[in-house]
Amino acid sequence: MAVPDYQTLMLPFLKLLADGAEHTLPEITESLSREFNLTEAERSELLPSGNQEIMRNRVGWARTYLKKALILEAPRRAVFQITARGQQVLSEKPEKITARYLKRFEEFCEFHNSSPSAEDTTAIDDVENSQTPTEAMEAAHKTLNNDLASEVLGAIKNQSPQFFEHLVVKLMQAMGYGGWSHESARATQYTSDGGIDGIINEDPLGLETIYLQAKRYSEIPIGRPDIQAFVGALEMKRARKGVFITTSRFSKDALEYISLIEKKVVLIDGKQLADLMIKHNLGVSVKQTFQVKTIDTDYFLED
């Protein structure tokens, strides 16, 4: 089964504390993973940011919501124990504990910035049924970036082929290739490029060189013949490394061909191109920044 959402985890989480003993968060996470029969792959599945396991994140938010409702407490750091209120909740034998259920407690409402109500059916509850605040933030960020990527790609397609050739050179430099000098990379002469649109010298002596091909197409996919022609151009230069970048996409035959050849050739399609430009701040600017902070536990340690 898939990793359960954090609200589904809240009641099983609380039941694990029913014995009144102290339990650590890793212990609880492991017990819940076994209870829901999660595979190793599901246990290690990461959030889109890659910063944390999804299961660990959801268990953490289940803990936070229960703690804010004073259903459990933390006698020591990362150690949890059920409270009298928590025992009372279990005695009521609820089918599920949700954010809506916890809104009957004033302390939780203060944390959640909402009004006490056991019947609240606001849209945010529907979202919270499947996403933790961390997941919701990352999903929103991903949606914004996908929309921005479409805008970036559309803007590139409206430029000239020469603009695109210079852009891919700048992108390679922004990614750290040929970063030893601003003069380590250049676009070739448009009229006599011999199938090579850009050159990146990875070291001052030019012992390692990457050759670039740039195709600014709208919808036409790049097929195997185009890749074979590029590989032929690399052979003429006695080159071992090449990057083929397009605003379009690559056909299945083109992708299969790359896996068969000895040379190291990387294919970057339009979506990857836009994503890389966003990641390396090329052609985009920061509009607004939200900082997600966490407590500095070292600050609160007494000498």
Side-chain angles (χ1 to χ4, degrees), residues 1-18 23-69 71-72 74 77-80 94-102 111-112 123-150 175 249-250 252 255 259 266-280 289-295 297:
M1 64 178 296
V3 178
D5 64 77
Y6 84 102
Q7 293 195 113
T8 299
L9 289 169
M10 284 199 280
L11 181 56
F13 189 121
L14 189 60
K15 287 180 176 179
L16 289 174
L17 305 182
H23 297 269
T24 65
L25 197 59
E27 172 194 343
I28 295 168
T29 302
E30 175 61 27
S31 296
L32 290 172
S33 296
R34 289 199 304 268
E35 181 173 341
F36 286 94
N37 298 313
L38 298 185
T39 65
E40 286 302 319
E42 289 166 338
R43 294 181 185 211
S44 59
E45 186 179 354
L46 299 176
L47 293 167
S49 64
N51 292 331
Q52 188 181 38
E53 295 89 354
I54 291 176
M55 182 60 177
R56 182 180 172 189
N57 177 263
R58 293 181 180 177
V59 171
W61 277 103
R63 175 271 327 268
T64 295
Y65 274 42
L66 293 172
K67 187 170 181 285
K68 293 300 180 181
I71 288 176
L72 60 81
R77 184 170 179 265
V79 174
F80 303 96
E95 293 184 3
K96 186 176 183 179
I97 296 177
T98 65
R100 187 185 310 166
Y101 178 94
L102 296 178
F111 156 73
H112 200 261
I124 193 169
D125 284 328
D126 294 332
V127 174
E128 289 175 337
N129 281 331
S130 60
Q131 291 183 315
T132 67
T134 305
E135 290 175 303
M137 183 177 292
E138 291 197 6
H141 183 262
K142 183 177 180 181
T143 298
L144 290 171
N145 270 1
N146 285 343
D147 185 59
L148 177 58
S150 296
M175 294 171 63
R249 62 189 188 281
F250 296 97
K252 183 179 178 181
L255 296 171
S259 67
V266 176
L267 305 182
I268 298 177
D269 62 20
K271 179 62 168 62
Q272 292 172 301
L273 167 65
D275 288 343
L276 287 170
M277 289 180 64
I278 293 170
K279 180 179 180 179
H280 296 281
T289 300
F290 296 92
Q291 292 185 333
V292 179
K293 299 183 179 182
T294 187
I295 190 168
T297 55

* Structure fact -> d(Leu25 CG, His23 NE2) to nearest 0.5 Å is 12.5 Å

* **Non-hydrogen atoms of Asn37 and Glu42 that approach each other most closely** => O-OE1, 4.1 Å

* Asked: Among Leu66, Val59, Ile97, Leu14, which residue meets the side chain to side chain contact (heavy atoms under 4.5 Å, CB included) test with Leu9?
  -> Val59

* Tell me, do Glu53 and Thr29 make a side-chain contact under 4.5 Å, heavy atoms counted? -> no

* Asked: Quick one: OG1 on Thr98 to CG on Leu11, what's the gap to the nearest 0.5 Å?
  -> 10.5 Å

* To do: Taking all heavy atoms of Ile278 and all of Asn145, pick out the closest pair and write down the distance.
  => CD1-O, 3.7 Å

* Asked: Taking Arg58 for the side chain and Pro4 for the main chain, is one N or O donor matched with an acceptor at less than 3.5 Å?
  -> yes

* To do: Apply side chain to side chain contact (heavy atoms under 4.5 Å, CB included) to Leu144 and list each qualifying residue two or more places apart in sequence or on a separate chain.
  => none

* Asked: About how many Å separate OG1 of Thr134 and CG of Asn51, when rounded to the nearest 0.5 Å?
  -> 10.0 Å

* Asked: Between Leu17 and Ile28, does a side chain to side chain contact (heavy atoms under 4.5 Å, CB included) hold up when you go through it step by step?
  -> CA-CA 9 Å; Leu17 305 182; Ile28 295 168; 4.0 Å; yes

* **Nearest heavy atoms of Leu38 and Arg43, plus distance in Å** => O-NE, 3.5 Å

* Structure fact -> When rounded to the nearest 0.5 Å, the distance separating CG of Leu16 from CD of Glu35 is 6.0 Å

* Asked: So, do Arg63 and Phe13 sit near enough that their side-chain heavy atoms are less than 4.5 Å apart?
  -> yes

* Heavy-atom pair with the smallest gap, counting every atom of Tyr6 and Gln131 -> CE2-O, 3.2 Å

* Structure fact -> The reported gap from CZ in Phe36 to CE in Met55 (rounded to nearest 0.5 angstrom) is 7.0 Å

* Could you go through the side chain to side chain contact (heavy atoms under 4.5 Å, CB included) check for Thr132 and Thr64 one step at a time? => CA-CA 11 Å; Thr132 67; Thr64 295; over 6 Å; no

* Apply side chain to side chain contact (heavy atoms under 4.5 Å, CB included) to the pair Asp5 and Glu135, showing each step before the final yes or no. => CA-CA 10 Å; Asp5 64 77; Glu135 290 175 303; over 6 Å; no

* Minimum heavy-atom distance Val292-Met137, with the two atoms named -> CG2-SD, 3.4 Å

* Note: Glu30-Arg34 ion pair, threshold 4.0 Å (strictly below) -> yes

* Asked: When rounded to the nearest 0.5 angstrom, what is the spacing between CG in Leu47 and CG in Asn57?
  -> 4.5 Å

* **All side chain to side chain donor-acceptor pair (under 3.5 Å) counterparts of Asp275, not counting sequence neighbours** => Lys271

* **Contact summary for Glu138 and Pro48, nearest pair of heavy atoms** => OE1-CD, 3.1 Å

